[in-house]
Amino acid sequence: MKERTLVGRSVARREDPRLLSGRGRFVDDIALPGMLHAQFVRSTVAHGEIASVDLSAVRHVPGVVAAFTADDLELGDITAQLGRPLSEYVPTAMPVLARDKVRYVGEPLAIVVARDAYAAEDGLEAAKVSCTTLPPVTSEEAALAPGAPLVHDEAARNTLVDVSLFATDGIDEIFASAPCVVHVESRTGRQNALPLETRGVVAHWDDREEQLVLQTCTQVPHQVRTVASRSLRLDERAVRVVVPDMGGGFGQKCVVGREEIAAAAAALRLRRPVKWIEDRKDALSASFLAREQHYQVRAAFGTDGRILGLDADVVCDMGAYSCYPFTAGIEPLMASAEMPGVYKVPAYRVRGRAITTNKAPTAPYRGVSRPQYVMVVERLFERAARELGLDPVEIRRRNVITDFPYTGVNHITYDPGSYLESLNLCERLVQDEGWYEKQAAAAAEGRHLGIGYACFSERTGYGSTAFAQRKMQVVPGFDISEVRMDTSGAVTVTTGTMSHGQSHETTMAQIVADELGLDIGKVRLHQGDTDRITYGWGTFASRSITVGGSAVRLAAAKLGDKLRAIAAARWGIDADAVELTDGAARRRDDTSEVLTYEDIADIAYLRAHLLPKDIEPGLAATATFDVFTDGTFSNATHGVVVELHQGTGQVEILRYVCVEDCGVAINPQVVEGQCRGGIAQGIAGALFEQVTYDDQGEPSATSFMDYKVPTAHEIPDVLIHHLETPSAFTETGAKGAGEGGTIGAPAAVLNAVNDALRPTGVELDHTPVTPETVHRALNPEAAS
């Protein structure tokens, strides 16, 4: 690997001048001649049979141009598949517009297209929908109850996934003979990913190219193209997806939505541009949600504090439909496969289920089940430490993986990490700031301070092999990159990943500039255009640098080989005797001999007759990269200090320490931004955010008045310390860094809260932890 000069440095974000000066271009900034605006008639009941959708009055509303139902557009359904038997997975078709039945409040029934957004809203009010209301299924208990109404007739007991991936022989005997068995039952609240930019699309037909063009904010442009072409029954060549700047995604935009396809169908039918922008009410109630999970887990320990076995039952409420392409299996399969995490668990049994309810469907959200199962496992270790009289950090020391590579009971091989080192350093940083002494002093004053830790890994760099193990029929994994140089010596690089705030324009340029010995200002990134990018799986699961960045480096290295070959041919020497530095090729034995990249490009493009016969004209190289192992594993330990306020029950975070190891940090400043943003979302899940429903399936948090989001006041400053264990499985040595903050925060915060509550004898295992809950624990006399 070349010596790093830019990789590993906090290079200023190249996107910032454009974005901070208001020169960014987002979907809602797009205005095309003759553009129409769309809104959706949505279901007002959670469960019902559709008798009729009457749009006759809608079409007479001033400004309304057209209105369409499912019957009008005749679109193909969106169906996500797993290659598992029906006993393990039941596929369910999600119509672009509901037909026959509605399955959640907010489900789209019809699209109204008008000259402006206001007229489209007026058109919605004229729609007449007749439904026969059915009993809604709004909870796990209701879904699994004998004789429960079925959300989908084909899904018995409202179960979409029921898989038992692991069951170690003799595990019952292990638990029966174990000197210490602890149990945790935990429920986590349903959340919204809340990207700053809601979903949206501008679709238009391009007569010259004979293409339907969708400009949309998605993390997975090629998957949107595939679904759109199939639903609209077009050749895939006839659909182009372009992603402008994007204001966040966090997983909510890594699945294919219905509204984008319906808006595209309307544009195709009308041959006029159609824009749809999701409002915040719909974003909170009818967009893809996440997280609602129920864990019942027990762990067996020896008297020395070493874990002997783990036994888990996981139920994930996936809402009304499977998301495409990941399916309803995304959360239970993730939890089942990876729950042992950073610990040496010798015996493991798990059952994972996905149930369907009359709620908006779920999509992956930053961390995907790992914040939940890490929280449960960390609670088990806290409980075992108390039962065995051990320090909660010491019991972790005795159990974390220290010898690598390590193949776990879950048949996953972990690459080298710094699990013990991060745990020890995090504890020392908390100690060195005197928080244990401050905790003791606070207790003497009758105040409630708590200190909590969470130790975890973040599996990243999922390749085709890892996704195939889930038996996905659409198998993500590889990435493709092209790096080409023009006659001025400037470089354009493409990637199949898609930035929605992760600074790809900077980090990918750092990789290319380092590889080619080029000024970073000479490198330009293209992403998010299905006509420019051969193919790509987009951005999710912290794959952008691990997989996409590796493809970029390989392509840049190939281009570098060609630059050296052309220079070597001009000098009559071997290519190995040529080095690339400072925008030029130089002879290693005589650095005064220089061919600038402009000189080489002049030969490659404008005087190709000078090229040797075995070198083709032009300066471009393409490379692919996939991870054929179980992936890479970043790791971290989080330490949190909280104070619980007796009078209000408020949880105040006094200190937050993060010791993280994502391998080679391409840009440490960007990594820290990822950590801080992830931690903020993890704290939100631990203490604030929850989507709730009444018994009729009506969402009760449809604005920020009801859906509590933390502000800068509630999010503490975070001390971040980097460790570096390079990965052998990526081209840059990098591991992923996108999700770790979110994964560790709920567990660390909950453990700190419970440490503060220890004198009360109350333990909390559910999130979000509300002020009301804390107040009752601190003031039992008031609760009684």
Could you check whether [Y] and [X], counting side-chain N and O atoms only, form a donor-acceptor pair closer than 3.5 Å?
X: Thr730; Y: Thr546; value: no
X: Glu660; Y: Asn635; value: no
X: His766; Y: Glu185; value: no
X: Glu331; Y: Gln293; value: yes
X: Glu714; Y: Thr711; value: yes
X: Thr632; Y: Asp415; value: no
X: Gln690; Y: Tyr707; value: no
X: Thr725; Y: Asp661; value: yes
X: Thr767; Y: Thr188; value: no

Taking only residues two or more places apart in sequence or in another chain, which ones pass side-chain contact (heavy atoms from CB on, under 4.5 Å) with [X]?
X: Glu292; result: Arg190, Asp317, Lys359
X: Arg306; result: Asp304, Arg398, Asn399
X: Gln669; result: Ser10, Arg13, Asn667
X: Ser336; result: Leu165, Val350

Would you please name every residue forming a ring-ring contact (aromatic ring centres under 6.0 Å, His included) with [X], sequence neighbours left out?
X: Phe250; value: none
X: Phe381; value: Phe301, Tyr343
X: Phe326; value: Phe540
X: Tyr373; value: none

When you compare the side chain of [Y] with that of [X], does any pair of heavy atoms fall below 4.5 Å?
X: Asp245; Y: Glu197; value: no
X: Lys344; Y: Ile307; value: no
X: Phe704; Y: Val709; value: yes

* Within residues 714-741 or reaching into it, pairs that qualify as ring-ring contact (aromatic ring centres under 6.0 Å, His included) - sequence neighbours excluded -> none
Is [X] salt-bridged to [Y], cutoff N-O under 4.0 Å?
X: Arg14; Y: Glu505; answer: no
X: Arg655; Y: Glu433; answer: yes
X: Glu382; Y: Arg386; answer: no
X: Glu378; Y: Arg396; answer: yes

* Taking the six-membered ring for Trp and the single ring otherwise, decide whether the centroids of Phe404 and Tyr419 are under 6.0 Å apart. => yes
* Which class fits the ring pair Tyr462 and Phe467: parallel under 30°, tilted 30 to 60°, perpendicular over 60°? -> tilted
* Phe456 vs His638 aromatic rings, parallel, tilted or perpendicular, using cut-offs 30° and 60°? -> perpendicular
* Structure fact -> Residue pairs passing the salt bridge (Lys or Arg N to Asp or Glu O under 4.0 Å) test with at least one member in residues 361-373, sequence neighbours excluded, are Arg370-Glu739
* **Qualifying residues under side chain to side chain donor-acceptor pair (under 3.5 Å), relative to Arg470, sequence neighbours excluded** => none
* Pairing residues for Thr362 by the side chain to side chain donor-acceptor pair (under 3.5 Å) criterion, not counting sequence neighbours -> none
* Where Pro364 and Cys323 come nearest, the two heavy atoms and their spacing -> CD-SG, 4.1 Å
